Amino acid sequence: MKIRRLLIANRGEIAVRVMRTAREMGIATVAVFAEDEAGARHVREADGSVSLGAGLPRDTYLDVSRILEAARASGADAIHPGYGFLSESPALARAVAEAGLLWVGPPADAIEEMGDKVRARRRMEAAGVPVVPGSAAGALTDEELLAEGRRIGFPLLVKASAGGGGKGMSRVDRPENLPAALAEARRIAGAAFSDERVYLEAFLAHPRHVEFQVFADTAGNTVHLLERECSVQRRHQKIVEETPSAALDGALRARMGEAAVAAARAVSYVGAGTVEFLLDSGRFYFLEMNTRLQVEHAITEETLGIDLVRAQIEVASGTSLPSAWREGRISPRGHAIELRLYAEDPVEFLPRAGTILAWEEPTGPGVRVDSGVEKGSRVGLDYDPLLAKLIAFGSDRPAAIARAARALKEWVVLGVETNQPLLAAVLASDAFVSGRYATDLLATMPPIAQTPPPPEAWIAAALALSAPPESTGVLAAAAPDPWGETGSWRPGR
Amino acid sequence: MKIRRLLIANRGEIAVRVMRTAREMGIATVAVFAEDEAGARHVREADGSVSLGAGLPRDTYLDVSRILEAARASGADAIHPGYGFLSESPALARAVAEAGLLWVGPPADAIEEMGDKVRARRRMEAAGVPVVPGSAAGALTDEELLAEGRRIGFPLLVKASAGGGGKGMSRVDRPENLPAALAEARRIAGAAFSDERVYLEAFLAHPRHVEFQVFADTAGNTVHLLERECSVQRRHQKIVEETPSAALDGALRARMGEAAVAAARAVSYVGAGTVEFLLDSGRFYFLEMNTRLQVEHAITEETLGIDLVRAQIEVASGTSLPSAWREGRISPRGHAIELRLYAEDPVEFLPRAGTILAWEEPTGPGVRVDSGVEKGSRVGLDYDPLLAKLIAFGSDRPAAIARAARALKEWVVLGVETNQPLLAAVLASDAFVSGRYATDLLATMPPIAQTPPPPEAWIAAALALSAPPESTGVLAAAAPDPWGETGSWRPGR
Amino acid sequence: MRLRAGEHSEEVRLEKDRARVGDHEMPFTLEQDGDGPAAIVSSSGRVRVRVRRDGRRVTVWCDGHVFTIESADGAPRRREEAAHEMVAPMPGRIRRVVVAPGGTVAKGDVVLVLEAMKMEHAIRAPREGIVRLSRAEGDLVEAGERLADVEAPLASPPATGADSAT
Amino acid sequence: MRLRAGEHSEEVRLEKDRARVGDHEMPFTLEQDGDGPAAIVSSSGRVRVRVRRDGRRVTVWCDGHVFTIESADGAPRRREEAAHEMVAPMPGRIRRVVVAPGGTVAKGDVVLVLEAMKMEHAIRAPREGIVRLSRAEGDLVEAGERLADVEAPLASPPATGADSAT
C-alpha cells in the first residue's frame, strides 16, 4: 500500500527528519503539536498540522486517542512514531492497525515482548543470545531477590522490569543495602511504568555499550546493518556515538551481528530496531532491544550511505528489504560521529530553558545537522532537552573527530545554555581520541574548566553594553527577562 | 613538509570550502580579498586576511605579485589556488616555488602542457589517448585550416588553442563561413588569452560530457577516482553534474579511466586534476584536462566518502596517495548530484547583481551546501555569478534526484535573481529523469514557464505592503533602491 | 489593493483571518517568525513564504518560487522608456562608448557596449539624431537605468536633467 | 566600564579602534553583519563573536565558547539569598508541595519538590519555622526565583511582599 499522507506523532528534530524523507518520497506530512508548540519548527516544516490541545506531554504527545483523532482529522493514512513518546507503545501500534491505518513501526507483539525486560531476557536465552547473568524471572520478593543476588554476586544492578533509559536503575554494592534499593526502585518503576516489578543483573566493571541496527521486512528477511558505539554517556544517557566501534574486530562483529539478528527473529520483528549489548573483556551480553528508530540512527546512514526512514516507510508499505541488504552487500565506509546538543548545563546536566536568540548551524563537507529548533524557538522544560544532533563523517576516525570538533566550534547557540563545552571536552579527551573508553568515560574525565573570557569576549560585551539596545539584533519578543520586568526593550540602566 | 599556514588565493564558495578542510587539519587559513569584498564570507571564515587592494579582478585576484606579497605579509607557507583565477597559471606555480612556498597544485610544466590545447592534443595522441579528429598542429593560416576543415568534414568547431570554458569557440556549418569564424575566434582569443591561435575540431552531434577525476603523488602513483557526468550545460557552462554517469558501463568506465590515467602520466601530473572527455555513440575523445580542483569535485567526495582538498594538501606536503587508492580499493556508493546556483536569470542567463536579503540554506540528511555568500552579502558583476552549490546524495539515482528537488525547493534566496527555476526544471525534465541526455539537454527542454503567483504569494505581498516597512525584516542598509532615492527606510507611498 | 506581478495582476483584499484574491475568498492563518511572515496556512495546506519589501514593491519567496509583486494603486508608473532613450537591459559596466558625445548616429548604430560578466551587449540608437550620454565609460549601471538619449537633429533643445557622467 | 563574568572581572575601556582590557592595550577592528558584531580582529588574529544583550547583561558567543558578562558599574546586585529563603536552584516546575502553607518545619525538612525534566529535586527548609509559600504546586519557576520562606516561630511578623500563589 502506497502511503499518501503520513502523520508524525512526535516533535523536535526527529519529526523534522522524518518529514524530509517523506517529502522526498512524495508523501504529504502532518505534524501534531501541543498548544505550547504551535509555532515550533516541526510544525512549520510540515504540510499540515493538528493541535493535540494544551497540557503536559501525557495529555498531548503521549495520548493515544488524541493521536488517532489527529490522524482522522487530517486524513493521514499512516503514522510514524519517531522515538520516545508512544514509539514503543503496543497500545498505539494496535489502535493504529484497528483504525485501518499503516503503522511505521514493528508489530505490537514484538514491542510488547521486548518491552518487558524480564520476558525479553528469557526469550533471548532461549534463542541462544547471551544475556548478563541475572535473577530468575520468578524471583519477585525481597527474600527471593536477595538469594538470587548472592548467587550473582555483588556489586549488582537493580533494574525495573518494564523500564528503559536507566530509569529506576541503581547499583548495589552489599547485600545489606539491597532491601532499601529494591523499595526505591519499585517506587520509581511504579510511578514511571505502572509496574513495580524489578530484577537483578550482574554489574560489569568497565562495559562498553555497543548496539546493532537490525531491519526486517514482512517477507521474513532479517538483517543487521552493523554497529554503533554508544559508551559516551552521562547518567545513562548517550551523548556521543560513533561507528564503527574501535572495540570490535571482524570476528566479534560477525558474532554480535548474528546474535542481533537472532534476537530480532525471536520476536518476529519487522521494521527498524536496535539490539543493545554490553561488551566487557571481549564478551558481549544482550542488554535490551529498542523497537523503534534510534536517536543515533544517522551515523549508520552516513557510513552506509542509506536512508533508514525511507526503508522504514517502504517496509511499512509492504516492500521487501533492498536486495543488497538481503544479500549482505552493504558497504560500510569511513567513520561517523554524532554529538547530541542538549539544552543543559555541561557540568551538572541540569536542563535549561529559554529562547534561542542566535542559532547558526555548522555546514560544509561531511557535516550534517538534524535540528528541531531555530532562531526564536522557545525551549521549555516539559520535553526532552535534545536540541539537535551534529553528525560528522570522515574517511577515517581522526578525520571524523577533527571535522566534528571544527563544526562544533562553529555552531553558534545563544539564549539557552547547552552541553557544547562537554562535547568539546569529550572530543579532545585522551580516552576518546585513543578509542579505548567505556561507559565510565565521563567519570574519568577532568571536570569541565570554566575558562575566563578572552579579551575579544570582553570587548564584544563592552561594545554591546555601550550601544543602544536595539542595535544588538535581539528581537524584543524573544528576550528573556531575568530582572523581573516584562518583555519589551529598555535602555541600559 | 607540514603546512602551518595556508593562503587561499581565491574567493567565494571554493575559498570557504578549502578553509574548512584546512581548519580540520590544524592549518591556519589566510584569505585574500579585493577591497570591494572586505566583508565577504570567505574573509569572515578565515583566521586572517590580506587585502589585494582595489580594482578589477586583473588587479587583485589575478595579480601574481600581489598574491605573493600577501603570502609574505601573512607568513603563509603554502598557497591553494582554488579553481578559476590563477589556478591554471604556470607563472604563479613557478613564482610560489621560487619564493620557497608550497604550491597546492600540479607542477607548472604540467599546467603549461595542458594549457595549450593544440600541444595537449598532440601529447594525448602520442600517449594513445583518443582525441576528437581535428586540424594538424601546424595548420595556422586560413588556407591551411580550410584544407584541414574539408578533410575533417562540416559542421565543425573553431576553438582557441589557449582557451578553455568555451571561450572563442564557435560552430561552423559550411566551408564558406569558415574565414569569418576564424577571424572572430582569433579576435576573442587574442583579447582573452593574448594568443590568437585557433584550431578546428570535428563537431559531434549529441555528445555527452563525461570527465574523470585523477590524482597523482610525487612518488609516481597516478590513479583515477571515477567519473562525473557534466552534460547539463548552458552556453558551455555546466550547471548540473552527477556521478555515476548513466552512459557508462563497467567496461567503458574502465577504458576511459585508463585513458585518463594515461593522460595524466603523459604530463607527469601531480595532485588533483580532471580529464574531460566527449562521449558520442559509445566512443570517447579527450577534450581537455583541467589542472586544478574542479567546481564539481564534491559529488566525487560524496559517492567515494573522501575529501579531495585534504588529499591535495597531503600530496603537496609530500605524502603518498592513500594506499586504498593506489590499490584500486575505492568504494563508490549511491548517487550524487550537484546543482550550481548562479546569480543570473533562468532564461537568458544574464548575470544579476544585488544584495542577498534572505538566505536560508536547505539542510538535512544527504544534503550538502557549499556556499560563498550569506544574508547581507553583496553580489556584484565583476566575479563569477556562482553563489553556492547544492550537493544531494541518495542511495540510488531516483532518491538523489528527489532529495535534490526537495532541498532546492526549500532554499530561500531573496534579493538577487537566481537560476533556481532552471535547476528545478532540469530535475523535473523527462530527459534528465531518464538519464538519457546529452549536452543539448537545455536546448531540447521547453522554455521555463513564468508561473503566475499562487494566492499565498499575493496574500504575503499584500500583508507586507500593508504593514509599516520596518516590520518586513529588511535591513535598511541592505535594501536595493530601484526608485532612485538613497538607502534608508521610508513609508510606502 | 491592486497588485501586479509582471503581466499578472490581482485585486487583493485582506480582512481579519481571510483574504479575497480576485474572485476567490480564502480564509487563512499567518505564521510569523523573527524574519516576518513564514507561512500562509489555508484549506489547501501550508505554504512557506518569505517576503522582503522595498518601498511599494516586494519580492516574495513562496515554496521554492520567487515573485516580484508591486502595488498598482495610483502608483507612479515606471518611467516608460521613451522612444529616444537607451536604457540598460541588465546591470553591468559600460565597457566602451562608441559614439563621441554630441556625435550623430543613424537608427541602429551601436552607441555603447555594456559588459555583464564576460559578455558584451551592444546598445543601439533607437532613431537618428545626436547622442547625449547620461553615463560614462567604466560606470556601473543598474537594469533600467538611462544610459543615453538621441535628440532629433536640429529640432528639440538639449535634454534637461541628463546627468553628466559621474 | 567594569564588567563581570561569574568570578572573573575586568575593567574594559573602548576607544576608537582600540580597547584596554585590564592592563592590556589592544588595537582591534570590528566586523559586523546584519546580526551585530561578527568578529574582533587584532594582532592575535580574527575571533568570531556573537552577542545578545538583555538589559545590563550580555551573552557572548566567542569561537565556540559562551560567556555571560554583565556590567558591574553601580549595578543593583543580584538579590542575596537570605538565610530564611528557599530559591529555585534551576528552572523547573513545582511538582509537589510537601508542607501545608503555614505549617511548621524543622531545619532540613523537605518543603517542596521541584521537577526539571524527569528528575526531582527536594527543596529543604534552611531553618526551623513556619513556611510561607511564594509559589504553588504546578507553577513553572525560573532559576533564582523565591519559592518560599521560613519565618522564625513566634518571632518576626509575617513576611511582606511574598506573593500569594499565582
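Every chain is numbered from 1 and lettered A, B, ... according to where its sequence line falls, protein lines coming before strand lines. Values in this document were obtained by computation on a predicted structure and should not be read as measured data.
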**OP:** Give the member of C:V41, C:L140, C:V66, C:D63 that has the highest number of heavy-atom pairs under 4.5 Å with chain B.
**Re:** C:D63
How close do [X] and [Y] get, heavy atom to heavy atom, and via which atoms?
X      : Y      : result
C:S71  : B:L465 : N-CD1, 4.1 Å
B:P454 : C:C62  : CG-SG, 3.7 Å
B:A462 : C:V12  : CB-CG1, 3.7 Å
B:D382 : C:R93  : OD2-NH2, 2.8 Å
B:A464 : C:V51  : CB-CG1, 3.4 Å

Subject >> Residues, nucleotides or ligands: over 12 heavy atoms within 6.0 Å of C:R2 CZ >> reply: yes
Subject >> Residue C:E7 excluded, over 12 heavy atoms near CD under 6.0 Å >> reply: no
**OP:** Name the member of B:P421, B:P455, B:A461, B:A358 that forms the most heavy-atom pairs with chain C at distances under 4.5 Å.
**Re:** B:A461
Original post:
Relative to chain C, which of B:E410, B:R352, B:E417, B:E344 shows the most heavy atom pairs under 4.5 Å?
Top reply: B:E410
**OP:** I would like to know whether C:L30 and B:L463 meet side-chain contact (heavy atoms from CB on, under 4.5 Å); could you show each step before the answer?
**Re:** CA-CA 10 Å; C:L30 171 69; B:L463 286 165; 3.8 Å; yes
Original post:
Counting distance only, does the side-chain N/O of C:W61 pair as donor-acceptor with the main-chain N or O of B:W411 below 3.5 Å?
Top reply: yes
**OP:** Measure the spacing between CG of B:L357 and CG of C:D54 and express it to the nearest 0.5 Å.
**Re:** 8.5 Å
Original post:
When rounded to the nearest 0.5 angstrom, what is the spacing between CG in B:L414 and CZ in C:R50?
Top reply: 9.0 Å
Original post:
For B:T451, which residues count as a side-chain contact (heavy atoms from CB on, under 4.5 Å) partner, sequence neighbours excluded?
Top reply: C:H65, C:F67
Original post:
With sequence neighbours left out, what residues match B:R186 under side-chain contact (heavy atoms from CB on, under 4.5 Å)?
Top reply: B:D142, B:L145, B:L182, B:E196, B:V198
Check whether [X] gets within reach of chain B through its side chain, its backbone, both or neither, counting any heavy atom under 4.5 Å.
X     : result
C:A19 : side chain
C:V60 : both
C:S42 : side chain
C:L3  : both

Subject >> Residues B:E456 and C:R46 bridged, charged N to O under 4.0 Å >> reply: no
Original post:
Heavy-atom distance under 4.5 Å between the side chains of C:M26 and B:W458, does that happen here?
Top reply: no
**OP:** Would you check if B:E360 and C:R48 make a side-chain contact, meaning some heavy-atom pair closer than 4.5 Å?
**Re:** yes
